[in-house]
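My questions all concern the structure below.
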Number of protein chains: 2
Amino acid sequence: MKIQQPRRSRIQNKNRNVILDAALQEFSARGFSGTTIDQIADAAGLSKPNVLYYFPSKEAIYRGLLVGLLDLWLAPLRELDAEGDPVEQILGYVRRKLLLSRDYPNESRLFASEVLHGAPHMTEVLSEDLHDLVAEKVSIIAGWTASGRIAEVDPHHLIFSIWALTQHYADFDVQVRAVMGEGPDPYAGAMIFLEHLFRRMLAP
Amino acid sequence: MKIQQPRRSRIQNKNRNVILDAALQEFSARGFSGTTIDQIADAAGLSKPNVLYYFPSKEAIYRGLLVGLLDLWLAPLRELDAEGDPVEQILGYVRRKLLLSRDYPNESRLFASEVLHGAPHMTEVLSEDLHDLVAEKVSIIAGWTASGRIAEVDPHHLIFSIWALTQHYADFDVQVRAVMGEGPDPYAGAMIFLEHLFRRMLAP
DNA sequence: GTCTATAGCTTGATAGAC
DNA sequence: GTCTATCAAGCTATAGAC
């Protein structure tokens, strides 16, 4: 179902985007309740009432962020192709998802925080859009295991493992850095590790 | 460094524990800022001023929770034994950690929320206690890879993978259930999947 | 130890001048 | 469209009776 987009002037769109960028920064760092409109306004370089001129409420900013980022977030899984080589398809998905964590850590933490607290703003999205997309890809993977082209693994848990392993580096970034200390970018080592892991796990 | 424990009467300890249990429930569900002392008081069956009779502030309750749960949280890793069979030691750790997620999901989400938001109350714990414990176990695992008893994997990333894969089922429980629908307990399938995964990954 | 009442502050949201 | 000023609600924490 398409939602009617209200028409907006150039300056409206620009300021709306400035606010959304600032809100992403603040919400991902301190959560919904931990963030004040004043902090968002400061980060956006606007006054608090001006922020509320573009969005009717703090909640509206938050919801606007979530829905605006959903496509970005589901894109890597959508690309999984039933016609490709199974192992390479899954490894490609792993790579895309890891790069998403590396390049969009705030977006990752925003979604993580939302889901962690029971996804009060995303319940229907999870049980509809996400559920259906996963169901489609699960049946592709189930076909690959049934025909023996990859090892017999539960497709749901395979997908969960990809989410968990890739998002960990963005969501728990502080912990990763505290444990590894000052060193090279964790993502390089992570990719080598994950490639080993998934090739071994999936070999027929 | 040992911290001096203040002496407390039986009723004091009982009420402190009631409050901490209630606080765990509330903080893990809505985060620190999203939780009010009133909600904690209600869940504990006490009045708000009475809660603040046992703890000087909301922050003190939160910190008391975190430090009180730390030992529980690190216990499974402490048990990893250099003298045991490498694969079985690592699989044992995976099992213990998965059971911890299943049996203590609120504790898992409390830590996850704290780390996700930059661990403002746990910075020193992460870079000291956790860092040192992990360093010790990393060197054990490094010994196993060097002697060829398990495959050559980066020990840090191996530990991260165990954390990520096990905690995912507790922390993102809503998402797991939304995707899998009404069905059997996800943890049974998870354990089968993880056993396959780690045996394949670690085989020399 | 436990309660009622409330002080004092922060915050989301609005009014209204420009 | 943007601002200053401000309202009204909700919150942490305390005072003080019992």
Side-chain angles (χ1 to χ4, degrees), chain A residues 5-67 110 113-114 117-118 120-121, chain B residues 5-67 110 113-114 117-118 120-121:
Chain A
Q5 291 292 336
R7 265 178 226 141
R8 296 194 190 99
S9 72
R10 223 165 290 114
I11 186 167
Q12 274 183 331
N13 269 322
K14 174 171 164 282
N15 273 343
R16 282 180 61 93
N17 287 333
V18 168
I19 292 169
L20 288 175
D21 283 353
L24 171 62
Q25 185 110 5
E26 304 298 315
F27 281 139
S28 68
R30 276 176 304 277
F32 179 78
S33 309
T35 301
T36 69
I37 303 181
D38 255 326
Q39 291 168 336
I40 297 173
D42 280 358
L46 299 170
S47 69
K48 177 161 66 168
N50 205 5
V51 166
L52 288 168
Y53 170 79
Y54 288 99
F55 291 87
S57 68
K58 176 178 159 180
E59 174 122 1
I61 305 175
Y62 186 73
R63 299 187 79 102
L65 256 184
L66 284 180
V67 305
L110 185 79
S113 178
E114 171 69 11
H117 296 121
H121 303 86
Chain B
Q5 290 292 334
R7 267 179 223 139
R8 298 195 188 99
S9 72
R10 222 167 288 109
I11 185 168
Q12 273 183 331
N13 270 323
K14 174 172 164 283
N15 273 343
R16 281 180 61 92
N17 286 334
V18 168
I19 292 169
L20 288 174
D21 282 353
L24 171 62
Q25 185 111 4
E26 303 299 314
F27 281 140
S28 68
R30 278 177 302 278
F32 179 78
S33 309
T35 301
T36 70
I37 302 182
D38 254 327
Q39 291 168 336
I40 297 172
D42 280 357
L46 299 170
S47 70
K48 177 161 65 170
N50 206 6
V51 167
L52 288 168
Y53 170 79
Y54 289 99
F55 291 87
S57 68
K58 175 177 159 181
E59 174 122 1
I61 305 176
Y62 186 73
R63 298 186 80 102
L65 257 185
L66 284 180
V67 304
L110 185 79
S113 179
E114 171 68 11
H117 296 122
H121 304 85

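First the proteins, then the strands, lettered A, B, ... as listed; each starts at 1.
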- Message: Show me the pairs that pass salt bridge (charged side-chain N to carboxylate O under 4.0 Å, His left out) and involve residues 50-64 of chain B, at least two apart or across chains.
- Response: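 Output for this query lists B:E59-B:R63.
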What are the atom names and distances for every N/O pair under 3.5 Å that joins the protein to nucleotides 15-18 of chain D?
none

- Task: Nearest 0.5 Å please: distance from the CZ atom of A:F32 over to the NE2 atom of A:H117.
- Result: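 Reported value, rounded in 0.5 Å steps: 12.5 Å.
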- Message: Distance check, rounded to the nearest 0.5 Å: A:L24 atom CG versus A:I19 atom CD1?
- Response: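 CD1 of A:I19 is found 13.5 Å from CG of A:L24.
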- Item | Derivation of the side-chain contact (heavy atoms from CB on, under 4.5 Å) call for A:F27 and A:I61 | CA-CA 10 Å; A:F27 281 139; A:I61 305 175; 4.2 Å; yes
- Item | Residues in contact with DNA chain C, drawn from residues 53-60 of chain A - heavy-atom cutoff 4.0 Å | A:S57, A:K58
- Item | Side-chain touch B:E114/B:P120, heavy atoms, less than 4.5 angstrom |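 A side-chain contact under 4.5 Å exists here.
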List the atom pairs, donor and acceptor, that lie under 3.5 Å between side-chain atoms in residues 36-43 of chain B and the rest of the protein, sequence neighbours left out.
unit_1: B:T36; atom_1: OG1; unit_2: B:Q39; atom_2: N; d: 3.2
unit_1: B:Q39; atom_1: OE1; unit_2: B:T36; atom_2: N; d: 3.0

- Through what angle, rounded to 10 degrees, does the axis of the helix from C:dG1-D:dC18 to C:dC18-D:dG1 turn between its ends, using five pairs per end?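 About 10° separates the two local helix axes.
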- Task: Compare side-chain N and O positions of B:N50 against OP1 and OP2 of C:dG1 and report whether any pair is under 4.0 Å apart.
- Result: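 So the side-chain polar atoms of B:N50 never come under 4.0 Å of the phosphate oxygens OP1 or OP2 of C:dG1.
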- Item | Results of ring-ring contact (aromatic ring centres under 6.0 Å, His included) for B:F55 - residues two or more places apart only |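 Residues passing ring-ring contact (aromatic ring centres under 6.0 Å, His included) with B:F55: none at all.
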- Query: Which whole-number value in Å describes the distance from A:F32 CZ to C:dT11 C1'?
  - Reply: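 Interatomic distance, CZ of A:F32 to C1' of C:dT11: 12 Å.
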- Using side-chain hydrogen bond (donor to acceptor under 3.5 Å, both in side chains) as the criterion, list what pairs up with B:Q25, not counting sequence neighbours.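 For B:Q25 there are no side-chain hydrogen bond (donor to acceptor under 3.5 Å, both in side chains) partners, ignoring immediate neighbours.
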- Strictly below 4.0 Å, heavy-atom distances to any atom of DNA chain D: list the hits from residues 33-47 of chain A, or just say none. A:S47
- Note on the structure: B:S33 and A:G34 have their tightest heavy-atom pair at OG-CA, 3.4 Å
- Task: Quickly work out the A:L52 CG to D:dG1 C1' distance and round it to whole Å.
- Result: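 Roughly 14 Å, once rounded to whole Å.
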- Which residues, if any, of residues 10-22 of chain A bring a heavy atom under 4.0 Å of DNA chain D?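 Nucleic-acid contacts, sorted: A:I11, A:Q12, A:N15.
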- Query: If you take all heavy atoms of B:L20 and B:L65, which pair is closest and at what distance?
  - Reply: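 Minimum heavy-atom contact is O-CD2, 3.6 Å.
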- Among pairs that include at least one residue of residues 44-54 of chain A, which meet side-chain hydrogen bond (donor to acceptor under 3.5 Å, both in side chains), considering only residues two or more places apart or in two chains? A:N15-A:Y54
- Item | Pair listing, salt bridge (charged side-chain N to carboxylate O under 4.0 Å, His left out) test, anchored in residues 11-29 of chain B, at least two apart | B:E26-B:R30
